[in-house]
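Here's the structure, in structure tokens; my notes come after.
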Number of protein chains: 2
Amino acid sequence: MKTLRIKILMESPSIGGKVKVKGWVRTFRSNRFIHMNDGSTVSNLQVVVDFEQMDESMLKRITTGACIGVEGTVVESQGKGQSIEIQADKIEVYGDADPEKYPLQPKKHSLEFLREIAHLRPRTTTFGAIMRVRHNVSFAIHQYFHEKGFYYMNTPVITGSDAEGAGEMFKVTNFDLDRVPKTENGEINWKEDFFGKATNLTVSGQLEAELGAMALGKVYTFGPTFRAENSNTTRHLAEFWMIEPEVAFNNLKDNMDLAEDFLKYVISYVLMRCPEEIEFLNQRQIDEEKGKPQNQRSEMTLKERLQFVVDNEFVRCSYTEAIEILRNSKPNKKKKFQYVIEGWGADLQSEHERFLVEKHFGSPVILFDYPANIKAFYMRQNDDDKTVAAMDILFPGIGEIVGGSQREERLDMLKKKMADFDIEEEEMWWYLETRQFGTAPHAGFGLGLERLVQFVTGMGNIRDVIPFPRTPKNAEF
Amino acid sequence: MKTLRIKILMESPSIGGKVKVKGWVRTFRSNRFIHMNDGSTVSNLQVVVDFEQMDESMLKRITTGACIGVEGTVVESQGKGQSIEIQADKIEVYGDADPEKYPLQPKKHSLEFLREIAHLRPRTTTFGAIMRVRHNVSFAIHQYFHEKGFYYMNTPVITGSDAEGAGEMFKVTNFDLDRVPKTENGEINWKEDFFGKATNLTVSGQLEAELGAMALGKVYTFGPTFRAENSNTTRHLAEFWMIEPEVAFNNLKDNMDLAEDFLKYVISYVLMRCPEEIEFLNQRQIDEEKGKPQNQRSEMTLKERLQFVVDNEFVRCSYTEAIEILRNSKPNKKKKFQYVIEGWGADLQSEHERFLVEKHFGSPVILFDYPANIKAFYMRQNDDDKTVAAMDILFPGIGEIVGGSQREERLDMLKKKMADFDIEEEEMWWYLETRQFGTAPHAGFGLGLERLVQFVTGMGNIRDVIPFPRTPKNAEF
């Protein structure tokens, strides 16, 4: 008999038929009702045991966390909350779970505790749901770009370049750190390292993706990126996954259109493909917020928020307009902001972004045309000579979810910018050559996968949306 | 007017209609015929210029490598080898390419030279085709697993574990290598490093994928993996992408079935979706082999080889049978093998694998049930006490493309194996706990993406199937 996944069994059960299912025991009540789960669905399957027909020593081994296989008959359920159940003919125990030792007992565990047992937490309903949503987000991303004629491009993780400029980098080396080779001058002799030079873990695949776009037209990356920053927050990881599309001939407006369409596609896909998970996570958030004071609760439920993003046009607002709105806002006038906005040129803090998104517009916002000096060297200078064609997409509750720009495609302008930013031309000869030979306008953006999964699942801490988070002082598992 | 991708224009042209295309000039002949390409297809689009209607100074800028936009009328082509062409109304030059300096002139460049200009090589017909095939291979992989109910799992790249045992690892550190902190005993003080312990780049996500399978049932990884090995061969990279499915309740036979079905699906997908690319690469290989002596040429063309893999069952042969075949083979008896097979227990070298695949069976081969002592600690011990439930899939021309096994799910057996392999239990507490709590039989395998892309494109050197290869002394771009 072929083993059936519980999700598939529940979606199209053949009442009266014989089936075989395999999974892990969640609870076993009254020596009669096993609730089991195989990781395919939020719902547990109820298995009904006639204990008089079963071996007693076997029944004793059916405890929370044990792994079992069940053969039996599909029947309509008498109980509430489930449409079918299995009348067990035969049960096999694959693996025991000593109730005295198994850490995942059927009670509410804190997210902090579950992070310490990240190897077991996908067996909980919450983390099972998060992992399935994360999968569907990832698949929707690949499918979106594939359907739009983009090519997936694996940009290098180990990079000899340190000009990406997005943050502090981890070193990659093959040296014995007890015996780092030195030159005659007493400097580290990188020539003797594996790659013959100093190398780091990438902070972004964008520069290489630009090379791809200048040949294939439309490319995207989807890979791990790294920040060696000592940020112990709910929004930062030292290792996270990033998606970076890059498109030849796109300008900033095309770039905004692409990002908005893309985000709506991915969120719609999850709403369509993971209704059970979203329902569960929605209820989870409602329950969680019951413990909070009224004014700290979300105005919308998770489901409402996701539907809102899909249904409404993102507000597009220039940096200059945003500064005017913020300067004249109540919290600014009353000096409630930690950083009071004095005028044009100020770098926006997360308190300002949240005010714009959550209070002023009540909608996702695309901010664009930022002052040149607070943005990266590769962003295209606007004709006003003060701003660059940059954009950030801000989401309620999350803040910046996408950052992008039209790129500086003019060789002379790019060289001038690199000089201003103290970036050596020789280091970036290959990047400059794409401007020297057949340059073209182009634009792209970066999306942090975990930020998006946080938004879609409503999870407050980024460590809870990646299987094994890497953060300062933590690389367990 | 909306810009059309050349591939889409060629697939469904509306003769007489106006279109706009943008791309890079491949050649410009007789001041009249531009061949241009936008990265979407093998075929160049012919643009016909009435030079008397065009600005002369603009026409001078149309050189190989320049980036242009063309508006014009779609007409049936008079010339051979193309069905349509564009009668240009208007041409705009976005970026020049000085013919004295642009390295990609319309002549045959060696693969070695192109590796030195990896930032430009996707603009060639060969590398454009390879990159599009690589994309379609990657997408087919995600789609296969998605359709089969697997969940994509991002296992960590930075790992505190060094027990994966698949090869030499790169160190990841935040230390200033000029001032590595020491303990009182003069040892490196890893506690002061970013993660509070020594960390490396992963060589495999398998152990973490097993944790996922023990909760979600069916998972797969698809991410970068690393080997700090000084292997300057056509088959090794220091950074490469690996796919690792892991399935609860699968035994070795299920694992073989999955791997065979999976490989056939991916290759079929590429044959269906990239006919133009495969045709081009097929012809490329035929042309290349014309320079070789008759006995070194492939017996099948690339297309025949791919079709053969899709149409035929893989031969399944135990290690023990394979040793008998090899021992009695001509090259063994005549001592033509570099490593003569004396008997059971010998580790198979690539010369033996090639003999089995290319000479003896003439088919992809799955070898299984290897001697325990030449395989990894986590492979399941067979009842004979001598062999483990391991499998390798060998492909013609490539050798090992997949390696996998049923995993040792019995806690006592696993502990014994770890002791034999000198692996500390404390280091792997989380891995052992999956055997302690609700263990289940499970199996999985690893596929090197680049090896598969080599097979599908027929490229001889692995450096030519990844955008920016990392190899000893080379981390350029």
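Proteins get letters first, then strands, A, B, ... in listed order; numbering begins at 1 in each.
- When heavy atoms are compared at a cutoff of 4.5 Å, A/Ala228 approaches chain B by way of both its backbone and its side chain.
- The part of B/Arg273 that comes within reach of chain A is its side chain, from C-beta onward, which places non-hydrogen atoms under 4.5 angstrom from that chain.
- The shortest distance between side-chain heavy atoms of B/Val21 and B/Met36 falls below 4.5 Å.
- Of the atoms belonging to B/Thr63, not a single heavy atom falls under 4.5 Å from chain A.
- By the 4.5 Å heavy-atom criterion applied to side chains, B/Phe145 and B/Ile141 are counted as neighbours.
- For the pair B/Phe127 and B/Arg123, the minimum side-chain heavy-atom distance is 4.5 Å or more.
- The contact between B/Glu192 and chain A is made entirely by backbone atoms, counting heavy-atom distances below 4.5 Å.
- Of the listed residues (B/Pro467, B/Pro469, B/Ala66, B/Gly186), the one with the most heavy-atom contacts under 4.5 Å to chain A is B/Pro467.
- Interface remark: B/Asn474 contributes backbone atoms only to the contact with chain A (heavy atom separation under 4.5 Å).
- Between A/Phe240 and A/Thr225, some side-chain heavy-atom pair lies under the 4.5 Å cut-off.
- In this structure, the side chains of B/Leu216 and A/Met131 come closer than 4.5 Å at one or more pairs of heavy atoms.
- The residue among A/Pro122, A/Gly23, A/Gly65, A/Pro472 with the most heavy atom pairs within less than 4.5 Å of chain B is A/Pro472.
- Taking chain A as the reference chain and counting heavy-atom pairs below 4.5 Å, the highest number among B/His119, B/Arg410, B/Lys182 is found for B/His119.
- For B/Thr199, the part lying near chain A is the side chain, with the backbone staying farther off; criterion is any non-hydrogen pair under 4.5 Å.
- Put simply, the residue from A/His135, A/Glu239, A/Glu450, A/Arg134 that forms a side-chain hydrogen bond (donor to acceptor under 3.5 Å, both in side chains) with B/Asn154 is A/Arg134.
- The closest side-chain donor-acceptor pair between A/Asp193 and A/Thr173 falls under 3.5 angstrom.
- Contact count versus chain B (heavy atoms, under 4.5 Å) is highest, among A/Trp24, A/Phe175, A/Tyr102, A/Phe222, for A/Trp24.
- Chain B forms more heavy-atom pairs under 4.5 Å with one residue of A/Thr439, A/Asn200, A/Asn136 than with any other, namely A/Thr439.
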**Report entry** A/Tyr152 vs A/Tyr220, side-chain contact (heavy atoms from CB on, under 4.5 Å): CA-CA, chis, key distance, verdict
**Finding:** CA-CA 5 Å; A/Tyr152 181 40; A/Tyr220 72 106; 3.6 Å; yes
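- Looking at B/Thr471, only its backbone comes within 4.5 Å of chain A, counting heavy atoms on both sides.
- Across A/Leu177, A/Val172, A/Val25, A/Thr41, the residue that shares the most heavy-atom pairs under 4.5 angstrom with chain B is A/Leu177.
- With a 4.5 Å cut-off on non-hydrogen atoms, B/Ala213 touches chain A through its backbone but not through its side chain.
- Ranked by heavy-atom pairs shorter than 4.5 Å toward chain A, the options B/Glu433, B/Lys191, B/Arg5, B/Lys473 are led by B/Lys473.
- No other option in A/Phe194, A/Tyr94, A/Trp241, A/Phe468 has as many heavy-atom pairs under 4.5 Å with chain B as A/Phe194.
- The closest donor-acceptor contact from the side chain of A/Arg227 to the backbone of A/Glu168 lies at 3.5 Å or more, if one exists at all.
- For A/Ile8, no part lies near chain B; criterion is any non-hydrogen pair under 4.5 Å.
- Of the listed residues (A/Glu409, A/Glu210, A/Met153, A/Met214), the greatest number of heavy-atom pairs within a distance under 4.5 Å of chain B belongs to A/Met214.
- With a threshold of 4.5 angstrom between heavy atoms, B/Leu120 approaches chain A through side-chain atoms but not through N, CA, C or O.
- Contacts between B/Val157 and chain A at a heavy-atom distance below 4.5 Å involve backbone atoms as well as side-chain atoms.
- In this structure, chain A has heavy atoms under 4.5 Å from both the backbone and the side chain of B/Gln436.
- Residue A/Lys218 touches chain B through both its backbone and its side chain, counting heavy-atom pairs closer than 4.5 Å.
- A donor-acceptor pair under 3.5 Å is formed between the side chain of A/Asp38 and the backbone N or O of A/Ile6.
- Heavy atoms closer than 4.5 Å to chain A are found in both the backbone and the side chain of B/Lys22.
- Note on ring orientation: taking the six-membered ring where Trp is involved, the planes of B/Phe170 and B/Phe226 are perpendicular (angle over 60°, cut-offs 30° and 60°).
- Between the CZ atom of B/Phe477 and the CZ atom of B/Arg470 there is a distance of 8.5 Å, given to the nearest 0.5 Å.
- With a 4.5 Å cut-off on non-hydrogen atoms, A/Thr155 touches chain B through its backbone but not through its side chain.
- Contact annotation for B/Pro441: only side-chain heavy atoms (C-beta onward) come within less than 4.5 Å of a heavy atom of chain A.
- Using a distance-only test at 3.5 Å, with no hydrogens or angles considered, no donor-acceptor pair links the side chain of B/Arg26 to the main chain of B/Thr64.
- Between B/Asp96 and B/Lys101 there is no salt bridge, since no side-chain N of the basic residue sits under 4.0 Å from a carboxylate O of the acidic one.
- At least one side-chain heavy atom of A/Val247 sits under 4.5 Å from a side-chain heavy atom of A/Phe150.
- Cation-pi contact between B/Arg435 and B/Tyr431: present, with separation from the ring centre below 6.0 Å and deviation from the ring axis of at most 45°.
- If you measure heavy-atom distances from B/Glu116 to chain A, the contacts under 4.5 Å come from the backbone alone.
- Interface remark: B/Asn174 contributes backbone and side-chain atoms alike to the contact with chain A (heavy atom separation under 4.5 Å).
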